[in-house]
Colleague: 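Questions regarding the structure given below will be posed in turn.
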Amino acid sequence: MDATHLPEVTAAGVIIKAVLILAVIAAIAGFGTYIERKILAFMQRRYGPQHVGPYGLLQLVADGIKLFTKEDIIPQHANKIIFAVAPVITAATAFIALAAVPVFPDFTIPFIDVYVPSIASDINIGILFVLGMMAAGLYGPLLAGMAQANKWGIIGSARTAIQFLSYEVVTGLSILAPIMMVGSLSFVDFNDYQADGTWLVVYQPVAFILFLIAGFAETNRTPFDLLEHEAEIISGYVTEYSGMRWGLFFIGEYANMITIGVIASVVFLGGYNDFWIFPGWLMIIGKIAFSFFFMLWVRAAWPHVRPDQLMWLCWKVLMPLAVVNVVITGIVIMLVQ
Amino acid sequence: MYEFVAFYIFAIATTILFLITVMSKNVLYSMTSLAAGMVLISGLFFLLGADFLGVVQLIVYVGAVMALYSFAMMFFDATKDVKEKHGNSTLVFLLGGLMALVFVVMFSAPIIGENIQALYPVGLAENLGVSGNAQDVGLVLFTKYLVPFEVAALMLLVAMIAGIILAGKKMDYSLTECEASDEELQKEIKKEEA
Amino acid sequence: MSLEQFKNRNVGTQNYKTLDLDHTPVTGMGQFKQVVSRTFKPELFVGLWVTFREMINALFRGKMHTTQYPFEKLPISPRYRAIHDMLRLLESGHYRCIGCGLCEKICISNCITMDTQYDENQRKEVSEYTINFGRCIFCGYCAEVCPELAIVHGPRYETASEQRASFSLFEDMLTPIDQLNLQQEYQGFGAISPNADENIKKTPLAY
Ligand code: SF4
Ligand code: SF4
């Protein structure tokens with residue numbers, strides 16, 4: 001679609017989009033816990049939750065009720081304010097990051113004629129904003145671990161600091177090569193760049209793999225979930241949390257998983273363009289769902305790594321690869337022009 | 001109107017947060033308010049239309065303050081107040097106050113004289129047919145400020161190499177895979193250092 | 001004693017086999033090769049494939065492993081030591097216990113309490129017999145010592161209840177007289193469980 005023919009973005013459209021994102025993603029983030037349990041169960045030849053509601057679907061509601069009604073314990077020696085604020089940071093930043101991410105293609109609601117844009121706020125530095133917000137979200141685990149006066153928490157937050165600081169570099173560098181090709185930081189431009197049907201992953205396979213690995217580390221998923229590695233540090237930064245505060249961390253984590261899925265599908269996997277007979281919205285949902293499934297799949301299949309292996313992987317393998325990839329991309333772009 | 005309100009909200013909040021940073025005796029409070037202040041400053045950039053700088057501010061300072069946190073974690077018990085030693089508080093207040101005054105005068109004089117103007121306003125690159133914040137910044141960086149930019153890059157490189165050398169002394173040994181006993185290892189390391 | 005000897009003290013002749021693992025490479029080239037081979041070996045994908053195959057197996061080929069416990073139960077081994085059963089004589093239906101008191105005597109946690117008296121025929125009869133299941137450790141000595149095979153361990157392992165006393169009286173443990181024909185004889189030590197055949201599987205190591 002040509003940019004000049006787009007209808008005007010009205011406040012109503014943006015609000016509808018914002019509500020859509022909040023409602024859908026919050027629901028999916030909760031629903032994600034159910035899907036995760038089910039899929040992990042199937043991969044281990046178990047049934048997963050199945051007694052609350054049909055196919056265990058209402059397990060979600062039961063968990064919600066449990067989390068809401070649980071006593072909210074704040075340890076005696078903890079720093080109370082910071083302890084209380086930390087989970088909110090995780091959840092809030094995860095949703096703010098989603099504001100700048102295109103989840104569905106733009107559409108016009110038929111009868112009231114309101115145009116709903118693809119992104120709640122299409123700032124032209126979208127990618128950087130999302131990455132920055134996800135980075136800001138890391139303050140959640142960090143503060144949570146430090147505020148709770150518990151050695152496991154401290155270890156968890158120390159791991160937050162090193163793991164995220166390192167993998168931030170890889171995420172940034174890996175996504176730099178596609179940015180150089182497209183020449184823009186806006187998600188919409190990325191999507192339009194791939195409108196002819198060639199996905200960027202064809203040109204940038206290395207960057208895609210690096211981004212996926214770093215994405216796993218940033219969303220704190222197995223094989224890199226060292227922050228709350230049960231076998232080593234009890235629960236890491238969430239050791240002392242209970243009830244809804246604990247739940248907020250998890251809503252944040254699942255929202256971040258979706259964000260990473262969206263970025264991967266928009267930047268590398270062709271975005272919300274129509275593909276063959278499938279309309280764009282179906283494609284993007286399919287891609288996000290697959291990347292979500294992939295995260296669960298990996299969790300079922302692969303073991304944790306040790307912290308030293310994690311840092312080794314980041315600085316000695318991934319970062320040099322990313323830099324080389326950027327340099328090669330630069331040279332090729334220069335030659336082609 | 002919106003911008004006016006937003007500016008004051010951001011400005012006041014930032015000032016208060018930085019005040020907490022300086023005044024608080026608790027590491028956790030001061031670090032957290034520092035981080036939050038930095039994030040709010042990026043809000044000021046967004047208000048000015050400098051989206052790119054705003055985001056860079058966000059990313060860079062989030063990382064930088066996080067590094068500070070890790071030092072705080074190593075040096076202090078985050079849940080207790082730090083006991084500060086005050087030697088000569090009059091002198092400290094005097095010098096600090098003077099410096100603050102100098103800064104205020106420095107920054108407010110051009111504003112009062114009303115001859116402050118942007119040399120490279122936002123939207124500069126539009127003359128060349130490309131638009132966007134990143135392009136603006138790139139244009140200025142690689143023309144007018146090329147030398148400072150390269151010098152900064154060089155300095156960062158030097159700092160990085162120095163950091164690697166400082167930290168990397170014992171990196172030849174993988175402690176997890178080494179089969180030597182602790183004493184032997186210590187001896188080896190001592191020999192290396194000598 | 002040197003450190004090596006100290007560590008090996010009281011250790012019999014060792015004939016452990018050391019696995020032939022790759023040694024940590026020392027040269028830079030060796031390390032590089034290790035990284036490359038570890039990165040590009042398809043082992044990671046084998047892991048992904050195995051879990052995916054298991055999911056397909058579980059979902060579509062009916063190889064779900066779960067036993068949905070309260071609704072379906074696995075047969076338990078005859079050697080299982082759960083709540084005791086007092087057996088009856090098959091011919092007369094009289095309880096087998098002769099009141100010899102051996103079980104009471106041998107019980108290491110002193111939880112069997114019994115009392116006997118003479119009945120009208122001047123034969124010994126059991127007037128009291130209880131097992132305190134708060135103390136019983138299910139060691140099986142009582143069943144082993146009983147000369148009449150009167151007390152055996154039964155298969156009742158679901159013993160959650162409001163009152164422990166609901167299991168522990170003589171009448172509770174005694175085979176109900178109308179179910180005498182269903183009474184299971186103790187099959188003896190070494191008996192195998194009824195579903196032993198199905199439980200034998202090839203060790204799933206090969207992928
Ligand atoms: S099983 Fe052992 S502890 Fe229990 S009653 Fe028999 S002898 Fe006593
Ligand atoms: S050992 Fe057997 S026969 Fe003797 S008292 Fe106990 S249950 Fe009765």
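Here is how names work: the chains are called A, B, and so on, in the same order as the sequence lines, proteins then strands, and each is numbered from 1. Because the structure is a prediction, the values reported are computed rather than measured.
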Colleague: Counting only heavy atoms closer than 4.5 Å, note whether A:Met134 contacts chain B via side chain, backbone, both or neither.
Modeller: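 Neither the backbone nor the side chain of A:Met134 comes within 4.5 Å of chain B.
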Colleague: Using the side chain to side chain contact (heavy atoms under 4.5 Å, CB included) definition, which of the options A:Asp225, A:Thr160, A:Leu138 pairs with A:Asn220?
Modeller: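 With A:Asn220 as partner, A:Asp225, A:Thr160, A:Leu138 yield a single side chain to side chain contact (heavy atoms under 4.5 Å, CB included), made by A:Asp225.
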Colleague: Going by ring-ring contact (aromatic ring centres under 6.0 Å, His included), name the residues that satisfy it together with B:Tyr8, two or more places apart in sequence or in a different chain.
Modeller: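 Applying ring-ring contact (aromatic ring centres under 6.0 Å, His included) to B:Tyr8 gives B:Phe4.
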Colleague: Checking A:Glu168 now: which residues fulfil salt bridge (charged side-chain N to carboxylate O under 4.0 Å, His left out) with it, not counting sequence neighbours?
Modeller: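 Expected list: none.
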Colleague: Using the ring centroid of each side chain, check whether A:Tyr237 and A:Phe249 are separated by less than 6.0 Å.
Modeller: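 Centroid distance A:Tyr237-A:Phe249: below 6.0 Å, so yes.
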Colleague: Using non-hydrogen atoms and a 4.5 Å limit, figure out which bit of B:Val65 sits close to chain A: side chain, backbone, both or neither.
Modeller: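 When you check distances to chain A, atoms from both the backbone and side chain of B:Val65 fall under 4.5 Å.
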Colleague: Please flag which part of A:Leu142 lies under 4.5 Å from any non-hydrogen atom of chain B: side chain, backbone, both or neither.
Modeller: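 Answer is side chain: those atoms of A:Leu142 sit under 4.5 Å from chain B.
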